[in-house]
Enquirer: 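Provided herewith is a single structure, encoded as structure tokens, for subsequent inquiry.
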Amino acid sequence: MAGRPRGVDDLAILRATARVMGQVGPAGLTLAVVAREAGVVPGTLVQRFGSKRGLLLALADRSVQDADELIRRVRRAHDSALEALAALLTETVAVMATPEAFANHLAFLCADLADPQLHERALAVHRVQARAVAELLAQAADAGELRAGTDVAALTRTVQAVTVGAGLTWALEREGALDERLRGELDAVLRPHLPPADTPPADTPEEQ
């Protein structure tokens, strides 16, 4: 006999969990709060994930998959590698659109650093994003969007550091929107590496 269909799938529950994380932080995250946000009863969460820790581990696993999917999506949506890079970074922080949400997600990251299993998953997301930034910068260099000889490895590390730093300074200063701040800081970092304005872009494969 077939089981009863699930009214709310696991992905919807994980998305609800991410929203709640930004709203209440680690201290306020309970199965009851997540269940209310997801439109299910707490027993459903226990049945599917076992515990609050199981739910957080499932969300962390999903975050690795989401990072891969976001990278593929932004690259398909932009002809320019640098525009794809800007989209990747701004969409990554979209869930932290308010200083309070940023602070709450940062608190979860700090907790992850002290938990071996959660740290492993946070590190996996970081590495996926680092590879994506490096690949996009390399593609930009090959296409002539960056100066010839640009040290892509060093620039990748700088872009990642600026991404984190922009969020922290924005959360402290609370001026403007986070995506605007991040885009401005990214432009400032990339500006010295851009070719002169009168340099034509590299030929595309179709033009060669």
Side-chain angles (χ1 to χ4, degrees), residues 9-27 29 31 34 37-38 45 48-78 81-97 101-140 151-168 170-171 178-179 182-183 185-186 189:
D9 64 23
D10 288 354
L11 181 57
I13 292 174
L14 296 178
R15 295 282 186 261
T17 304
R19 292 194 299 272
V20 170
M21 289 170 69
Q23 295 164 4
V24 303
L29 184 72
L31 292 181
V34 173
E37 178 73 16
L45 303 185
R48 297 192 195 179
F49 303 101
S51 64
K52 183 172 78 170
R53 176 174 174 77
L55 176 63
L56 291 175
L57 286 171
L59 178 60
D61 286 333
R62 180 68 204 187
S63 296
V64 179
Q65 183 177 342
D66 284 346
D68 272 323
E69 292 175 355
L70 174 59
I71 291 161
R72 291 192 294 270
R73 177 162 54 81
V74 298
R75 194 64 187 100
R76 289 194 302 267
H78 298 276
L82 292 185
E83 285 300 319
L85 174 62
L88 171 64
L89 297 181
T90 54
E91 290 196 39
T92 297
V93 301
V95 68
M96 299 177 282
F102 183 92
N104 286 331
H105 279 283
L106 181 60
F108 275 103
L109 175 59
C110 291
D112 290 350
L113 297 178
D115 183 301
Q117 289 181 301
L118 289 170
H119 170 258
E120 179 183 12
R121 290 158 172 82
L123 181 59
V125 172
H126 171 77
R127 286 173 170 165
V128 167
Q129 293 172 342
R131 285 195 298 271
V133 171
E135 289 171 3
L136 289 170
L137 289 173
Q139 291 170 15
D151 187 337
V152 169
L155 187 55
T156 296
R157 293 190 294 270
T158 301
V159 167
Q160 287 191 286
V162 165
T163 300
V164 175
L168 287 173
W170 168 81
L178 175 55
D179 59 345
L182 181 54
R183 183 60 185 263
E185 298 293 349
L186 177 63
V189 166

Enquirer: Please give me the minimum heavy-atom distance between Asp179 and Thr90, naming the atom from each residue.
Expert: O-CG2, 3.8 Å

Enquirer: Could you please spell out the steps behind the side-chain contact (heavy atoms from CB on, under 4.5 Å) verdict for Gln139 and Leu136?
Expert: CA-CA 5 Å; Gln139 291 170 15; Leu136 289 170; 3.9 Å; yes

Enquirer: If every non-hydrogen atom of Ala171 is compared with every non-hydrogen atom of Phe102, which pair is closest and at what distance?
Expert: CB-CD2, 3.7 Å

Enquirer: Output the distance between atom CG (Leu118) and atom CZ (Phe108), rounded to the nearest 0.5 Å.
Expert: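 The distance works out to 10.0 Å.
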
Enquirer: Check Ile71 against Val74 and note the closest heavy-atom contact, atom names and distance.
Expert: O-CG2, 3.4 Å

Enquirer: Measure the spacing between CG of Leu106 and CG of Leu168 and express it to the nearest 0.5 Å.
Expert: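 Going from CG on Leu106 over to CG on Leu168, the span is 6.0 Å.
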
Enquirer: Given the rule in the side-chain contact (heavy atoms from CB on, under 4.5 Å) test, do Glu185 and Val189 qualify, once you have shown the distances and angles that lead to the verdict?
Expert: CA-CA 6 Å; Glu185 298 293 349; Val189 166; 5.6 Å; no

Enquirer: Do Arg75 and Glu135 have side-chain heavy atoms sitting under 4.5 Å apart?
Expert: no

Enquirer: Charged N to carboxylate O under 4.0 angstrom, Arg73 versus Glu91?
Expert: yes

Enquirer: Check this for me, if you would: do Glu69 and Arg76 make a salt bridge, where the nitrogen-to-carboxylate-oxygen distance has to be below 4.0 angstrom?
Expert: no

Enquirer: Any non-hydrogen side-chain atom of Leu14 less than 4.5 Å from a side-chain atom of Leu55?
Expert: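 With C-beta onward as the side chain, the pair touches.
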
Enquirer: Could you grab the distance from atom CG of Leu89 to atom OG1 of Thr163, nearest 0.5 Å is fine?
Expert: 4.5 Å

Enquirer: Quick check: do Ile13 and Thr17 have side-chain heavy atoms less than 4.5 Å from each other?
Expert: yes

Enquirer: Give me the atom names and distance for the closest heavy-atom approach of Ala81 to Ala140.
Expert: CB-N, 3.7 Å

Enquirer: Can you tell me how far the CD atom of Glu83 sits from the CG atom of Leu88, to the nearest 0.5 Å?
Expert: 12.5 Å

Enquirer: Can you check side-chain contact (heavy atoms from CB on, under 4.5 Å) on Leu82 and Leu137, steps first, answer last?
Expert: CA-CA 7 Å; Leu82 292 185; Leu137 289 173; 4.2 Å; yes

Enquirer: Once rounded to the nearest 0.5 Å, what's the spacing between atom CG of Asn104 and atom CG of Leu109?
Expert: 13.0 Å

Enquirer: Minimum heavy-atom separation for Leu29 to Val24, with atom names?
Expert: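 Residues Leu29 and Val24, closest heavy atoms: N-CG2, 3.6 Å.
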
Enquirer: For the atom pair CG (Asp68) and OG (Ser63), what is the distance rounded to the nearest 0.5 Å?
Expert: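 It comes to 11.5 Å.
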
Enquirer: If we check salt bridge (Lys or Arg N to Asp or Glu O under 4.0 Å) with Arg15, which of these qualifies: Asp10, Asp9, Asp66?
Expert: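 The passing option is Asp66.
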
Enquirer: Would you say Arg53 has more than 12 foreign heavy atoms packed within less than 6.0 Å of its CZ?
Expert: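 Yes.
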
Enquirer: List the atom of His78, the atom of Ala87, and the distance in Å for their closest heavy-atom pair.
Expert: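 Shortest heavy-atom separation between His78 and Ala87 comes out as NE2-CB, 3.5 Å.
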
Enquirer: Apply the side chain to side chain contact (heavy atoms under 4.5 Å, CB included) test between Lys52 and each candidate in Leu45, Leu31, Val34; give the one that qualifies.
Expert: Leu31

Enquirer: Checking side chain to side chain contact (heavy atoms under 4.5 Å, CB included) against His126, which of Gln160, Arg131, Arg121 comes through?
Expert: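 The side chain to side chain contact (heavy atoms under 4.5 Å, CB included) with His126 is passed solely by Gln160 among Gln160, Arg131, Arg121.
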
Enquirer: Is there side-chain contact between Leu186 and Val162, with heavy atoms separated by less than 4.5 Å?
Expert: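 Side-chain contact under 4.5 Å: no.
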
